[in-house]
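Working notes, beginning with the structure itself.
Sequential numbering from 1 along the given sequence is applied to the chain's residues. A quick note: this is a predicted structure, and the numbers were derived from the prediction, not measured.
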Amino acid sequence: TAVGVTIPDRHYLLDFLKQLEARGLGDRFNYLAGHTVEQIPIPALTKAGKAALITDVHGALAYTAHPDSLLAKYANLLAPEGNIFFFLGKSTWVNGSYAGFMDWVKSIKGFEIVIDTHGISSTDGETLVRFGLKRNTEPVRIPALTLESITDDTPPVRRYRTTTALKVKQ
């Protein structure tokens, strides 16, 4: 199982990597830094093997200009029956609404929705979205998106429209 994490404290990360090595698990963790997920080649991402679990907590999906391409890449990284869990705010709109984004996610072939929840953050009142996808046996087919606008906020507010093209797992 490959595990991907983002830890802002580099010293904490180095200690974590030493603990993995001490337990004989160092070859199952591949730390990559300095690039976006989209920039890292598949062989580098799968060096530790296909992932049984991918987590994206306010990560690449919240910031990418190309969520369709990102999900296609995640599909290539995921082992059969593997899961992807996302946690993000309502900053991505498709066809004029945030609901359109979730409709787009639900239209992706090759995955089934295992979690779909919305809640209010207790710290800042932001609406947070959690959803999980489980890889099934269908071929992956992701409806393509066309970026209409993006802000320079953190995370950016992005607006897309669906197109008839498909991103297909390669």
Rounded at 0.5 Å granularity, tell me how far [atom1] in [X] sits from [atom2] in [Y].
{"X": "Arg141", "Y": "Ile108", "atom1": "CZ", "atom2": "CD1", "result": "12.5 Å"}
{"X": "Leu71", "Y": "Leu133", "atom1": "CG", "atom2": "CG", "result": "7.0 Å"}
{"X": "Asn83", "Y": "Phe111", "atom1": "CG", "atom2": "CZ", "result": "10.0 Å"}
{"X": "Arg159", "Y": "Thr92", "atom1": "CZ", "atom2": "OG1", "result": "10.5 Å"}
{"X": "Thr46", "Y": "Ile40", "atom1": "OG1", "atom2": "CD1", "result": "11.5 Å"}
{"X": "Lys134", "Y": "Leu78", "atom1": "NZ", "atom2": "CG", "result": "10.5 Å"}

- Compare all side-chain heavy atoms of Phe85 with those of Ile54 and state whether any distance is below 4.5 angstrom. no
Exercise: do [X] and [Y] side chains pair donor with acceptor under 3.5 Å:
{"X": "Thr64", "Y": "Glu38", "answer": "yes"}
{"X": "Asp56", "Y": "Tyr74", "answer": "yes"}
{"X": "Thr162", "Y": "Asn95", "answer": "yes"}

Donor-acceptor under 3.5 Å ([X] side chain, [Y] main chain):
{"X": "Thr151", "Y": "Val157", "result": "yes"}
{"X": "Trp104", "Y": "Pro143", "result": "yes"}
{"X": "Arg135", "Y": "Gly110", "result": "yes"}
{"X": "Lys106", "Y": "Phe101", "result": "no"}
{"X": "Lys73", "Y": "Val37", "result": "yes"}

- Task: Given side chain to side chain contact (heavy atoms under 4.5 Å, CB included), test Arg158 with Ser149 step by step and report yes or no.
- Result: CA-CA 6 Å; Arg158 299 155 302 154; Ser149 67; over 6 Å; no
- By ring pair (Phe, Tyr, Trp, His ring centres under 6.0 Å), Tyr63 pairs with (sequence neighbours left out) none
- Going through the checks in order, is the side chain to side chain contact (heavy atoms under 4.5 Å, CB included) test met by Val94 and Leu145? CA-CA 8 Å; Val94 173; Leu145 296 173; 4.0 Å; yes
- What are the two closest heavy atoms between Ala62 and Pro156, and how far apart are they? O-CD, 3.6 Å
- Query: What heavy-atom pair brings Ala65 and Leu147 nearest, and what distance separates the two atoms?
  - Reply: CB-CD2, 4.2 Å
- Query: Are the charged groups of Lys109 and Glu138 less than 4.0 angstrom apart, N to O?
  - Reply: no
- Query: Can Phe131 and Val105 be said to form a side chain to side chain contact (heavy atoms under 4.5 Å, CB included), step by step?
  - Reply: CA-CA 9 Å; Phe131 67 95; Val105 168; 3.7 Å; yes
- Please walk me through it: do Glu148 and Arg161 pass salt bridge (charged side-chain N to carboxylate O under 4.0 Å, His left out)? CA-CA 7 Å; Glu148 293 183 324; Arg161 65 179 162 77; 3.6 Å; yes
